[in-house]
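Just below is one structure, and these are the notes that go with it.
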Amino acid sequence: MRLTVGITHLTPAWHILLEQISPPVEELGLERPWTPENYACIVVSERPGTAAAGSLRHFVKNGGALLMETDCADGIFDLSGSGHFVDYIDTTDDPLFGSVTPGFVGRRLNIPSGATLAREKHGKRLIERRSVGDGEAIILPGGIIGALLSTASVRRNFPSQGPWLPSERVASVSKRTIRELVEHSLQQLFWHRNLPFISLSPFPDGAESLFNFRVDTDFASKEDINKLYDLCSKHEISATWFVETKSCEPWIDRFGALEGQEIGLHCYRHRISKKYSQNEHDVRKGKSLLKKGEIRPNGFASPFGEWHSSLANAVEHHGFGYSSEFALDYDNLPFSPSLNDRFSSVLQVPVHPISTGALRNARHSTDDMVGYYETVIENHLTSRLPLFFYDHPANSDLEALSLLFENVRNRNIPVTTMGRYADWWKRRCATEWSARLEKERLHLSVNDVPNGIHLQMARPDQAYSGRLESGERPLNEIEWTAAKESPPLAPNISVRHRLNYKMVLNDILHIYWKYKL
């Protein structure tokens, strides 16, 4: 029995999702029969033709598992759907998706008529789970996977117990929620077949998570830089610094002297253009100044966290290995952005977008900030996400950051730079491997596995992580651990969805500074 996920066509959105989740994946063809022995689950990524629909019906009726959207299910099961505008997906207390993070969508979706799982703003259910013969299918709302390719941004509130909810302009679609819906759907379909769900760990060497502290230097003084660097050194934090080069041009060499730190480019002038030529000129000028300080950056983070294709092309043109923009994604795993007919060579590394400045703006005290970070840490550890935080030296709360660093060190969470993680992630994506299960024995086949790549398996309420290497092992000899339950985020997403005057004021200030700087 091959523990492989088959897919009818690897579209850009499905490519991103399956690379992030990373089970053994194979695009369906004619050389291998579409049978439950060959594929643990099949993803139907586009409406099938008559012959393919017949093969998929036969597959699921004979014990296979299917994952698809409403539009694809209509071509297989003659299933009806209806269009509804979905502001957000609420998974609170859901029997199947209760551990999925609620998230925003903000678009019209095609809802399957038999939906009983998850819900939108007005309580309408969104996802259908149906038995078909000896098999099972999960049907997601039509349009939800394509939403992953959205590049729109908007101001969002973030969960907090402080006086006000902190906010930031981020990706309008909660792409983490889409990924988690897909991953949990695949798990449930594997488990329905009494199979463990198997994938690659998102962290090297079996780590539960990784910590990185990203610094955007925006107009910071030399004294501000030194204070934050001293704090990082005290806690042995190798931070990643993205330098706004114009204001620090006279002392640019200071960044090259920051021992144990990674230096990337933020910009020359703190402004983003819709024109490729202007973005390319700014990136070129910023790189040139860093070169004077004997710094050759591999990472880039744009002003205001913005992202669009003309900027992405300029960054790619200058040979950067990765970038980080929360207007494209945040609180998620890395991915290569889709640029129409291809994928960018510049890996996107998301971070948590709320800084101490945003928390102070939401009237959080230092104690409130510490509590906020603790909640984010707990949520990310349970959700198997990196702990990547960011701040600015000119207006940071050094006491809160010191306690954050101390918390990370006390938990023994490995500290990395964004560049090291990006390099490792690319090696993970290039790993070729397969898995099969025969008589309760797991067989793994790996081609030239890089160091640090680990396997992870999930069964209901159980989890396992271990080195990825060729060989076989009985399932009953694997040391399973109890799966962690995700702590609820408060307040409910319905509260976070509400517009308040503070958000409007912050957006007005955002627009003012965007064009004044």
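Source: prediction; values computed, not measured. Along the sequence shown, residues are numbered consecutively beginning with 1.
With respect to the salt-bridge test (charged N to carboxylate O, under 4.0 angstrom), the residues Arg214 and Asp216 qualify. With respect to Glu19 and Lys426, no salt bridge is recorded, no charged nitrogen being found less than 4.0 Å from a carboxylate O. Ion pairing between Arg129 and Glu136 holds under the 4.0 Å rule for side-chain N and carboxylate O. A salt bridge does not link Asp282 to Arg269: none of the charged side-chain nitrogens sits closer than 4.0 Å to a carboxylate oxygen.
The list of ring-ring contact (aromatic ring centres under 6.0 Å, His included) pairs with a residue in residues 142-183, not counting sequence neighbours, reads Phe158-Tyr330, Phe158-His352, Trp164-Tyr501. Applying the salt bridge (Lys or Arg N to Asp or Glu O under 4.0 Å) test to every pair with at least one member in residues 320-345, sequence neighbours left out, gives these pairs: Glu316-Arg342. The salt bridge (Lys or Arg N to Asp or Glu O under 4.0 Å) analysis of residues 157-182, with sequence neighbours excluded, yields the pairs Arg169-Asp507, Arg176-Glu180, Arg179-Glu183. Contacts classified as ring-ring contact (aromatic ring centres under 6.0 Å, His included) and involving residues 79-100 (residues at least two apart or in different chains) are given here: Tyr88-His497. Within the structure, salt bridge (Lys or Arg N to Asp or Glu O under 4.0 Å) pairs that include any residue of residues 67-88 comprise Arg47-Asp74, Asp87-Lys121 (at least two apart or interchain).
Looking at residues two or more places apart in sequence or on another chain, you find no ring pair (Phe, Tyr, Trp, His ring centres under 6.0 Å) involving His9. Remark: Arg107 engages no residue in a side-chain hydrogen bond (donor to acceptor under 3.5 Å, both in side chains) (not counting sequence neighbours). Scanning for side-chain hydrogen bond (donor to acceptor under 3.5 Å, both in side chains) contacts around Ser80 gives Ser113, with sequence neighbours left out. Remark: His15 engages Phe343 in a ring pair (Phe, Tyr, Trp, His ring centres under 6.0 Å) (not counting sequence neighbours). Residues that satisfy the ring pair (Phe, Tyr, Trp, His ring centres under 6.0 Å) test with Phe203, not counting sequence neighbours, are absent from this structure. For Phe335, the ring pair (Phe, Tyr, Trp, His ring centres under 6.0 Å) test picks out no residue, with sequence neighbours left out. Here Gln187 pairs with nothing under the side-chain hydrogen bond (donor to acceptor under 3.5 Å, both in side chains) rule; sequence neighbours left out.
Side-chain contact between Leu359 and Ile354: present, with at least one pair of heavy atoms (C-beta onward) separated by less than 4.5 Å.
Within 6.0 Å of atom CD in Glu208, 12 or fewer heavy atoms from other residues, nucleotides or ligands are found, so the atom counts as exposed in its surroundings. Heavy-atom neighbours of Asn410 CG from other residues, nucleotides or ligands within 6.0 Å: above the threshold of 12. Within 6.0 Å of the CD atom in Glu399, the count of heavy atoms belonging to other residues, nucleotides or ligands does not exceed 12.
Of the residues listed (Tyr421, Phe211, Phe326), the one engaging Phe388 in a ring-ring contact (aromatic ring centres under 6.0 Å, His included) is Tyr421, and it is the only one.
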